[in-house]
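Whatever order the structure lists them in is the order used to number ligands and atoms, beginning at 1.
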Amino acid sequence: MFEQDSQKDLREEVIAALIKAGISSPRLEANIILKYAAPLYPQITQEEQEKIKEMLQRRINREPLDKIVGEREFYKSVFKVNQDVLTPRPDTEILVEEAIKLLKEKEEGTVVDLGTGSGCILLSILKDCVKSKGIGVDISEKALNVAKENAQRLGIENRCIFQNCSWQQLEFAKESIDMIVTNPPYIASEDIEKLDVEVKDYDPRIALDGGKDGYKCYHEIAKLAPLFLKKDGYILIEAGMGQAQKIKEIFEKEGLYLEKIVKDLGGINRCVILKK
Ligand code: GLN
C-alpha cells in the first residue's frame, strides 16, 4: 500500500492510493484519515502509521469514510455512526429545518422520531428547540445505543428517551404528541441490490428495506400517526425520489391534511408535511 520510501510524504501516498481506488475526493479524504489517525501529523508514531494503513484499506474496500472514522456531520452537529445505523444524509437536513421552524412556533412540544437510527433527526431538533422533549423509537437496540451516546455527546440526554420496539407496539397516550418526524426505510426490496456498494454493503439493511414496493413503513405509520398526534400536530416524513405524491395520499386517507411538500437542495420532493 505505502511505498516504503521514507522520503516521500505520507499524505501524498495516501492520496495516491485513494486516487488509484477511484475515490472521488482523495485529498479531502486523505486529510480526514490523517486527522483521525495521526492528529499531530507530520509527527507520527509507528502505531499511527498502522492505523492509517488499516483505515486506508477499509476505504479502498469501499467502506464509507464516516463509518471508518466513526463520525459524521449532520445539520449543526457531529454524530457518532457505525455499522448499526444509517449514515445521516444531507438530504434529510431539510426535514430538520422545517421541523424546527414549526416547533418554534409552538415554543415547546413533544417530538417522536420513528426509526431514529443514529438519532440525527430528533437530536438536531432538540438541540435547537431547547424547551422541547423527544422520544426516539427504533426496532434495533444496537441503533439505539448509538442514539443514546449521541444524546449524551450533545448534552441533551435529559430531554429525550428512547424506546426499543416496533412502531406498532407503541403505547403513547391518545393525542399526546405535538410532532412526529420520520425517515423510514423506503427502498423497494428488489432495488437494494442496485444501490451503490457503499450503501448496500455498509448501511444496515433494516434501515433501507421498505418492503415490496418501498411504501410498507409509510402505510404502517399512517395508521398510527393520527392516533397519537394532538389536534394541529404535525408529521414530517422523508420521501424517497418520486414517492412524495403517493405518501401524501396514503396519509390523507387516514385523515391528515397536507401542509406542504418541501424540496431538498437537489430539487427532489423530499419532505412531506401534514397536519392533523
Ligand atoms: N432517522 C435516521 C436518519 O434519518 C435513521 C433512518 C433510518 O434508519 N431509515 O438518518
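Relative to the six-membered ring of Y215, K246 meets both conditions, a distance below 6.0 Å and an angle of at most 45° to the axis.
Of all the heavy atoms of A207, the ones lying under 4.0 Å from any atom of ligand 1 are found in both the backbone and the side chain. Under 4.0 Å from ligand 1, the heavy atoms of T116 that appear belong solely to its backbone.
Of all protein heavy atoms, the one lying nearest to atom 4 (O) of ligand 1 is N183 ND2, 2.8 Å.
Here D128 pairs with K76 in a salt bridge; the nearest charged N to carboxylate O distance falls below 4.0 Å. We find that E220 and K216 are joined by a salt bridge, their nearest charged nitrogen and carboxylate oxygen being less than 4.0 Å apart. Using a 4.0 Å cut-off between a side-chain N of Lys or Arg and a carboxylate O of Asp or Glu, R59 and E29 qualify as a salt bridge.
Of all atoms in ligand 1, listed by their number and element, those nearer than 4.0 Å to a heavy atom of C120 are 3 (C), 4 (O), 10 (O). Heavy-atom contacts of I121 reach the following atoms of ligand 1: 1 (N), 4 (O) (cutoff under 4.0 Å). The distance from ligand 1 to the heavy atoms of L86 drops below 4.0 Å at these ligand atoms: 6 (C), 7 (C), 8 (O), 10 (O).
Using cut-offs of 30° and 60° on the angle between ring planes, the pair F172 and F228 is perpendicular.
Annotation: E249, atom CD; neighbour count of heavy atoms from other residues, nucleotides and ligands within 6.0 Å is above 12.
Residue G115 places a heavy atom less than 4.0 Å from ligand 1.
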